[in-house]
Amino acid sequence: SQQGEEDPQALSIQEGENATMNCSYKTSINNLQWYRQNSGRGLVHLILIRSNEREKHSGRLRVTLDTSKKSSSLLITASRAADTASYFCATDGLTSGSRLTFGEGTQLTVNP
Amino acid sequence: EAGVAQSPRYKIIEKRQSVAFWCNPISGHATLYWYQQILGQGPKLLIQFQNNGVVDDSQLPKDRFSAERLKGVDSTLKIQPAKLEDSAVYLCASSLSVHEQFFGPGTRLTVL
């Protein structure tokens, strides 16, 4: 079974708005990563946050991690049509070695 | 820098037939992964190689799936015989570390 669960499953917003996606996981982790997948393509790494970090920024991306709640959020500010994609969180757990376990993903649609 | 290459991009076969996928990782990446991504789900790791040795194949259905990475570079994933539930996108990824994996475009397999 998948480790992570993203919420919402689908999100539709207008260009310029912010998009927030959430990820919950079940077991203790070393790191949590976010990936983007455009339709029909492979995944692209966006950002990694370590278990001892609470917040991280990269350009228009902001990731938070709450290990007590086993959850993370990805915020995309000032969204663009090109941000339309599926977004996945992935964890490597303390008991799973280096294996990455992906969530089900959030499908983000940014309307121009 | 060239990315991860995969072929073919699309494959349609009938159940009980055999199929093979090829992956050429980014030059210098010792770690190579094969994932299965069923429509609407996140990728699931099938097998992980470190150079030409298997690190993790705990989620590989070994009765029908096999993979090899000769000489620690290119890799092939084979399904024999295929079942309807094998219809999915098969993604290859490579990395220098677990922290950022680089994905190929994937092979979309349809089993009829």
Side-chain angles (χ1 to χ4, degrees), chain A residues 1-10 21-26 29-53 56 58 61 63 72 74 85-107, chain B residues 1-11 21 23-26 29-51 53-60 88-110:
Chain A
S1 61
Q2 298 287 354
Q3 158 83 313
E5 294 182 3
E6 277 93 341
D7 168 54
Q9 286 188 325
M21 288 159 273
N22 303 296
C23 166
S24 61
Y25 55 91
K26 298 175 183 174
I29 62 170
N30 291 316
N31 307 286
L32 186 144
Q33 305 179 45
W34 286 90
Y35 284 79
R36 181 187 73 224
Q37 185 176 35
N38 292 89
S39 178
R41 297 197 176 184
L43 286 83
V44 174
H45 180 266
L46 295 176
I47 195 166
L48 176 148
I49 187 165
R50 301 181 191 280
S51 60
N52 62 353
E53 297 177 311
K56 203 161 184 179
S58 177
L61 305 180
V63 171
S72 173
L74 171 67
S86 292
Y87 291 81
F88 295 89
C89 66
T91 56
D92 60 281
L94 295 179
T95 58
S96 61
S98 59
R99 182 196 316 157
L100 275 185
T101 302
F102 285 81
E104 301 290 319
T106 292
Q107 173 60 50
Chain B
E1 173 181 271
V4 176
Q6 289 188 247
S7 69
R9 291 294 312 276
Y10 304 92
K11 189 73 177 179
F21 313 125
C23 173
N24 179 241
I26 293 174
H29 283 191
T31 309
L32 184 147
Y33 314 79
W34 281 102
Y35 289 88
Q36 179 193 59
Q37 186 176 23
I38 293 172
L39 185 65
Q41 297 182 17
K44 182 184 82 171
L45 180 70
L46 293 175
I47 189 167
Q48 176 182 342
F49 291 94
Q50 181 75 18
N51 296 309
V54 175
V55 172
D56 185 348
D57 64 355
S58 58
Q59 301 185 110
L60 185 74
V89 175
Y90 291 85
L91 295 164
C92 178
S94 68
S95 71
L96 289 172
S97 75
V98 71
H99 293 164
E100 182 174 359
Q101 297 183 21
F102 295 82
F103 284 79
T107 297
R108 183 176 299 277
L109 173 67
T110 301

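Reckoned from all heavy atoms, side chains included, excluding hydrogens, waters and symmetry mates. Order of the sequence lines fixes the chain letters, A, B, ..., with proteins taken first and strands second; residue numbering starts at 1 for each chain.
- Among all heavy-atom pairs drawn from A:G42 and B:L91, the shortest one is CA-CD2, 4.2 Å.
- Residue B:S58 touches chain A through its side chain alone, counting heavy-atom pairs closer than 4.5 Å.
- Of the possible polar contacts, one joining the A:Y35 side chain to the B:Q101 backbone as a donor-acceptor pair under 3.5 Å is found.
- In this structure, B:Q50 places its CD atom where more than 12 heavy-atom neighbours from other residues, nucleotides or ligands lie under 6.0 Å away.
- For the atom pair CG (A:L46) and CD (B:E100), the distance works out to 9.5 Å, reported to the nearest 0.5 Å.
- Atom NZ of A:K56 sits in a crowded spot, with more than 12 heavy atoms from other residues, nucleotides or ligands closer than 6.0 Å.
- To the nearest 0.5 Å, atoms CZ (A:R99) and CG (B:D56) are separated by 4.5 Å.
- Taking both residues in full, the closest heavy atoms of B:Y35 and A:L100 are given as OH-CB, 3.8 Å, listed atom of the first, atom of the second, then distance.
- Within the model, atoms CD of B:Q37 and CD of A:Q37 stand 4.0 Å from one another, a figure rounded to the nearest 0.5 Å.
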